[in-house]
Each structure stands twice: as structure tokens, then as C-alpha cells.
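Residue numbers start from 1 in every chain, and the chains themselves are labelled A, B, ... in the order their sequence lines are given, proteins ahead of strands.
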2 protein chains.
Amino acid sequence: MQDKEITIYDLAERLNISATTVSRGLQDHPAINKKTKKRIFDLATELGYRSNKFASNLRKQKTNTIGVIVPRLNSLFMSSVLSGIEKIVNNAGYNLIISQSFEQEAKEKTNTTTMFNSRVDGLIVSLASDTQDFSHFDTFIKKNIPVIFFDRIAESIQSTKVLIDNFKAGYKATEHLIEQGCKEILHITGNTARNVYMDRFEGYKKALSDHNIPYDPTLFISNDLTEQAVQDSLLNDVLKRDKLPDGLFITNDSSAAFALTILKEAGLKVPEDIAIVGFNNDLISKVTEPAITTINYPGNEMGENIARILINHLDGEGDLSFTSTVILNTELIVRASSQRKK
Amino acid sequence: MQDKEITIYDLAERLNISATTVSRGLQDHPAINKKTKKRIFDLATELGYRSNKFASNLRKQKTNTIGVIVPRLNSLFMSSVLSGIEKIVNNAGYNLIISQSFEQEAKEKTNTTTMFNSRVDGLIVSLASDTQDFSHFDTFIKKNIPVIFFDRIAESIQSTKVLIDNFKAGYKATEHLIEQGCKEILHITGNTARNVYMDRFEGYKKALSDHNIPYDPTLFISNDLTEQAVQDSLLNDVLKRDKLPDGLFITNDSSAAFALTILKEAGLKVPEDIAIVGFNNDLISKVTEPAITTINYPGNEMGENIARILINHLDGEGDLSFTSTVILNTELIVRASSQRKK
DNA sequence: AAAATTAATGCAACCGATTGCAATTTTATA
DNA sequence: TATAAAATTGCAATCGGTTGCATTAATTTT
């Protein structure tokens, strides 16, 4: 700490003007003379002045900070979303505070409190898989601090949501498998307490019924989609059945890739014996043998959308209703893992 | 903003004590009577008091915030590192501000300034691939704000560094290929201005020379390791040669996986025609056919290490020399993509 | 019971920027 | 040149905690 921090008072003193004028000059306030502004800016750069955000925040009651809480940072989808958010938010002059819930409601609550105490101007959330109670967001709602949910949303909370049409995506994936001749379609997915998994599941069921295939509950597996869980399900359950399924719809690509290797090891041919559809369109789905059919889920785009909505709200009047739901497009990307026909 | 924010003055007034006592009580100051503390805490929770960090930071000149600048968020390695950092830092009561340089020196400089102005207590950096000049970190050094570099480090800067032994890793990867009988080993890597790539390259060369294989510059390709770049290099250069290489050491797993698919499409057999070694041990290397031999690079562990070092420094006395270099262990994970013998 | 300690509490200044309103200076108008 | 209008600038209070030093209250010691 050799050199003291320069304040507007230092600038004011050297320029023989008031701190008020310096403050206004620095903010490009229209009432300040251009020459004065120039003198202020010049001296400021010369002395290496930097504004003290805390004094400013304290006074303005605004932090220019946006909080993000996600279940886990280390998935490609999440980091794409974050990358998109960061880009927009940063350009708009906001900072990002990021934390992860590790899929636990308790941690999510703590993080939410921390964010609240950090007085973020807005909060972006994708819910932990086991979050049942949403009261920790009440403080935000009550204070009119905007909260945007994405991907893993809470239906019951009145606020802006950005997501894809999971029902449709699930429907399309399943229908595709049916069209490829699958009759016994296994569905492996996450905790259906979460909309993303529930909706895909509903889409799956609807596609089945629309094609007159009865829904078989034993072909539905819900777990946490970790490597371990996928492996256990396949080895200890699926592969021990008398009749093996001929299709698999599994709701993320790394799990799909992992499942693929296990099934191949077990001697099954993909797609001949079992056709596979994943979800997300991560790079991983492109490099397996065969490449995996998947649903394109544009994380980066989603992140940018979320950030834009939030920034507009924050920088705009803020009176607009803040409870829209944005649905992003997804598409089925057909690759070899599911192509049995033609 | 229906309900006003509660301040220590509100608490003080209702309890008929001074704000000083409230402040001290809240901080568990030893000079405050236990009963008084209890009364303070009780009322605080009752009224939903939350400390104003800005007032506090302003006065204490400390922010409890740590900045992180990385080239890109959306890689599995990076997000694992971040996940590790976030975990430790969060437990220690610090916040994380994250931004990405998108591999550009200019953006890195801007981000650094923003971090500086946000008055982060510490900075964690992995350099952009094209950063040549490091003067933007001078302000931190001058002010004694700790900066930790990881993975992509700057040799010339005097500060703590956390990384792996890239030379050794490169050596091991190459030696392994040699042991599998490879004679013409192609090396595809990133910008060698960065230590990580340079050191691996040096390791590669040393392994060659130790095994009496002359280094062939035409077998060395340096690009930005994007899908496009890898594809271009392979299709327009490598695959057009008279004599194809019989080994490939490529310095990240997604590129390796991608290269694998291209080579297979070109009709080459892996590992028979060409043996492949990647880098990082991402999931992707496990699910390709054949699975890819790689170097295990523990991102999460690295993140936790970085964070611990920084926190210790910040919470400790801070007089300790802050210029150690931490080298994490890596190991070669042999998989089918390189196994030609035995 | 007076004097000396020790325990608790409070005063008041401070951190650095912001802003409503008033004051002053400059420029335009009569 | 006097006066109104516009352009600049500054005063002083404010945001909400923190902290050195002083003061008061409670305990001990003599």
C-alpha cells in the first residue's frame, strides 16, 4: 500500500474546485463545463484515480452486480450459459458473482442469502435438483429485486423464466425413435421434481401414446445422471431383463455417451439393437462411435438472452411486468446412433 | 422497496443502546456483554437486519471478493477449476467475480482494470493465448494485491503460480507413443507463446531426442485448437502427405476426440495406423471408440489448491513471501487409442 | 468505604462518492 | 447598462458501518 489511493477530494484540491464538481465531471454530467471536465479527466488519469465503488454503491444503493446460482459449474452446458451471460453483462458494465448449489437445497438457500446480502441488483438461478421449497427467494420478490430462472425453473414462482420447450423436445426425441422402429423405449432422466425432466418425460409419454405404444413404467428410470448412476441402472437393471429395450432416450449427452460405451461393451449394437437419443448437443455426442442423435440446446444463446432481459429490466424503467416466459427453440439433430432406416 | 432496510441505528434505537455497541455486538466483539449481544442478535433476526457490505467495505477497505479471469468459461477443464475455486472461496466467506478474456489480450486488460476497480482482495488469472505484455498486472503488484496465475502463467511475473509439469507431461505422452512403436509423431498444440504449450512441446522434443528420433518440424502444428483449426490442419495438411504420421500427441481431449473422428473417417485405423494421446482426461476421452489415452489433469483439485493458497494468504498475516510455485501431479492414463503392444 | 481495576458502552470522526438546492458566474436579452 | 435567463459550481447532508479514545458502570482490592 505504498501510494495512497486518490479520491475525488484529492482531485478537487489540486484543481481548486469542489469535490461535487469532480464527481459530476467524472460522470459526464451535462451541467459541468467541458474544459473543467477535461481538466478533471486529465488529472484523474495522471494520478491514477479510481472510483471507490463502495462509497458509490453505498450512496446510490445500487451495486452493478448480478448474482448467478447454478447447480454445478462443471458442465459444458452450464459454462456455455455462463459464458453467454458474462459476455452481455460485462459489456453492460455489470459484474457477475457466481456460486453453485451442488444440487443441494440447503446450499442454494445459503447462496441465495449471500447474494441477497451482497445486494445484487438481479439474480439468475437454475434450481438444484432437490429444491422443494422456494421461500428463500421471497426476500428478493418482496424487495422487487428481479430474479430470472432458467432451465431448471420453479413454476410456482412469479418471475421471468427462460427455458426451452422440454415437452416438445422430449416428444420429438421419442417420436424420432418410434419412427425408427423402436417399440420399447427406455427413458433415463433426472429428478422429475424438476420441470426439465418432468416435461421431457411428459413429452416422452405423449409421443408413445400418440403412436399407440403403451407406457411401460419399468422402462422409466430417474436418477441423478452421474456416471455411477447411469452405470448402475444399466448393469444392474436394464441389461438383466429378459427383453432388452430397443431404444434409449437419455437426457444429457455425456450420460448418453457413457451409456453408449456401456451398452457396446455389453455386446449390443447401436443403433441396430438399441437406438440412442441424447440431449444438449455437446461436442461429446459428435465424437462417439456411432455419433449420438441429440437435441440441440443452445446454452450460449440462452445465457445471452437471460442477460439481455435482465439488463434491459435493470437499466430500463423497471416498471414493465417482469414475468414473461421466454421459450427458446430446440431442434433434433439426427446422427448415426438412432438411424436404422433409409 | 416496501419495507425499509434495517440498519444498526434502527437496532440501536429500539434497544436503547448506541450504534457502536450494536456494531460490536454483531461482530462478537469481546468487550460487549453477552446479554447485550443476545438482545442485539435476537432483534436483528427478528427485524431481518442485514449488514450493508458497502458501508462496511468502505470503512474497512476490504471487499471479501476475489476476481478470476480465464480465457474461456466453456471448457470442462476451466469449469472444473472454477468449481474448485468457488467451493473453497465460498466456504471462506469470499465472493467470486468471474470474467473471461475470450483469448484476447485487450479484453484481458479491460477485465483486469475492472477487477482492480472492483477492488478485489485477490486475483486469479489464466492468461489469454495472445497476451504478450503483462503491464496490466503491475497495478496489482504495486498495491500488494495478491495475484495467482494458474495453468497459463507468465514466467516473468513475480507471483504465485499453480500449474502442472507440462514438460514432464509432454515427455511422458511422447515417450509412451515411442514405446508403442511410433516413429513419426505428429504434435498438434496451441500457441507456444504460452508456457503450457511450449513446455509440452519441449517435453515432446526431449523425448524424441532421448530416443534418438530426430525432430521433424513438419510434424509440429500450432494452432488455436478449435474444431475448425484441427480439421483444417488434418485435412489440408497432414492427410495429404506422402508418408502419414503413425502417432499423434494433441494437447486437449476434445481436439483429440475430434481428430480421432476425422482420422477414422479418412480410413485410418487407430491405434494401428496412428496412435493417439490427448490431454486433460475429460469424460470425452473415455467414450470415443477407441477410448483415448490422455494425461490426467485434475482441474477441480487445481482450483481448490489455488483458492486455498490465496485465502491463506489473505486471512493470514500476508507477510509471507507470496511467490511460490506449486506443481501438481499428472499421470498418463493409457487407453486403447495408443495401445499397440501387448 | 475509598481507591484501583476491569468490564461495558458511547462519542464522534471517518471511509468516498452522490445529490437536492442554493449560490455564483456567464451569456443573452431588453 | 440593467436585467433576465442559462450555464456552472459548491454547500452540506447522506449512505451505514467501524474504530480510537473517553466515559461510565460494575467489581475487586486494600
Side-chain angles (χ1 to χ4, degrees), chain A residues 1 3-41 43-44 47-65 93 95 116-121 143, chain B residues 1 3-41 43-44 47-65 93 95 116-121 143:
Chain A
M1 300 286 164
D3 41 339
K4 266 280 178 46
E5 201 68 48
I6 307 289
T7 71
I8 51 170
Y9 300 101
D10 300 324
L11 299 180
E13 194 179 334
R14 303 226 194 174
L15 293 172
N16 270 317
I17 54 180
S18 75
T20 303
T21 304
V22 174
S23 173
R24 292 210 176 98
L26 256 13
Q27 296 169 79
D28 205 22
H29 188 114
I32 304 298
N33 189 299
K34 283 188 184 170
K35 288 178 189 165
T36 314
K37 277 182 193 165
K38 176 117 177 34
R39 290 174 58 219
I40 295 172
F41 275 114
L43 185 64
L47 298 186
Y49 165 81
R50 56 174 181 161
S51 165
N52 186 314
K53 288 201 178 177
F54 304 102
S56 170
N57 287 341
L58 173 59
R59 178 62 223 237
K60 289 197 300 191
Q61 305 284 38
K62 195 181 185 248
T63 64
N64 262 64
T65 297
N95 274 137
F116 187 66
N117 289 337
S118 298
R119 283 173 164 72
V120 293
D121 291 333
K143 279 231 179 309
Chain B
M1 299 284 166
D3 42 338
K4 266 283 179 47
E5 200 68 48
I6 306 290
T7 72
I8 52 170
Y9 300 100
D10 300 324
L11 299 180
E13 195 180 333
R14 303 224 193 175
L15 294 171
N16 271 315
I17 55 180
S18 75
T20 302
T21 303
V22 174
S23 174
R24 292 211 175 97
L26 255 14
Q27 296 169 79
D28 205 20
H29 188 115
I32 304 298
N33 188 300
K34 282 187 186 172
K35 285 177 191 167
T36 313
K37 278 182 196 165
K38 176 114 176 34
R39 289 174 59 217
I40 295 173
F41 275 113
L43 186 64
L47 299 185
Y49 164 82
R50 55 174 182 162
S51 165
N52 185 316
K53 286 201 179 175
F54 303 103
S56 168
N57 287 341
L58 173 58
R59 178 64 222 237
K60 291 197 300 189
Q61 306 284 37
K62 196 180 185 245
T63 66
N64 261 68
T65 297
N95 274 137
F116 187 66
N117 289 337
S118 298
R119 284 175 163 70
V120 293
D121 291 333
K143 278 231 179 307

Taking salt bridge (Lys or Arg N to Asp or Glu O under 4.0 Å) as the definition, give me every residue that meets it alongside B:Lys53, ordered by chain and number, with sequence neighbours left out.
none

Given side chains that start at C-beta, do those of A:Tyr49 and A:Ile8 come closer than 4.5 Å, heavy atoms only?
yes

Run the ring-ring contact (aromatic ring centres under 6.0 Å, His included) test against A:Phe116 and tell me which residues pass, sequence neighbours left out.
A:Phe140

Set of salt bridge (Lys or Arg N to Asp or Glu O under 4.0 Å) partners for A:Lys60, sequence neighbours left out
none

With B:Ser18, which of B:Leu15, B:Thr21, B:Asn16 fulfils side-chain contact (heavy atoms from CB on, under 4.5 Å)?
B:Thr21

Spacing of B:Lys37 atom NZ relative to C:dA7 atom P, expressed in whole Å
13 Å

Rounded to whole Å, the CG-P distance (B:Asn16 to C:dT9) equals 13 Å

Residue set satisfying side-chain hydrogen bond (donor to acceptor under 3.5 Å, both in side chains) with A:Arg14, at least two apart, ordered chain then number -> none

Report, as a single string ordered 5' to 3', how protein heavy atoms within less than 4.0 Å touch nucleotides 17-27 of chain C: B base, S sugar-phosphate only, - not at all.
BBBBB------

Could you state the atom-to-atom distance from CD1 of A:Ile32 to P of D:dT8 in whole Å?
9 Å

Would you mind reading off the distance between A:Asn33 atom CG and D:dT8 atom P, rounded to a whole angstrom?
5 Å

Looking only at side-chain N and O atoms, does A:Asn95 offer a donor or acceptor that is under 3.5 Å from a partner on B:Ser118?
yes

Can you measure B:Lys35 atom NZ to D:dA25 atom P for me and round it to whole angstrom units?
18 Å

B:Thr65 vs B:Asp121, test: side chain to side chain contact (heavy atoms under 4.5 Å, CB included). Steps then yes/no.
CA-CA 6 Å; B:Thr65 297; B:Asp121 291 333; 5.5 Å; no

Taking the side chain as everything from C-beta on, heavy atoms only, tell me whether B:Phe41 gets closer than 4.5 Å to B:Leu26.
yes

Kindly say if B:Gln61 contacts the phosphate of C:dG16, meaning a side-chain N or O under 4.0 Å from OP1 or OP2.
yes

The side chain of B:Leu58 is closest to which nucleotide in this list: D:dT9, C:dG16, D:dC15?
C:dG16

How long is the line joining NE2 of A:His29 and P of D:dA6, in whole Å?
16 Å

Whole-Å distance separating the CG atom of B:Asp10 from the P atom of D:dG16
9 Å

Take the C1' atoms of the five end pairs on each side of the helix from C:dA1-D:dT30 to C:dA30-D:dT1, derive the two axes, and give their angle rounded to 10 degrees.
40°

From CD1 of A:Ile40 over to P of D:dT9, roughly how many Å is that when rounded to an integer?
8 Å

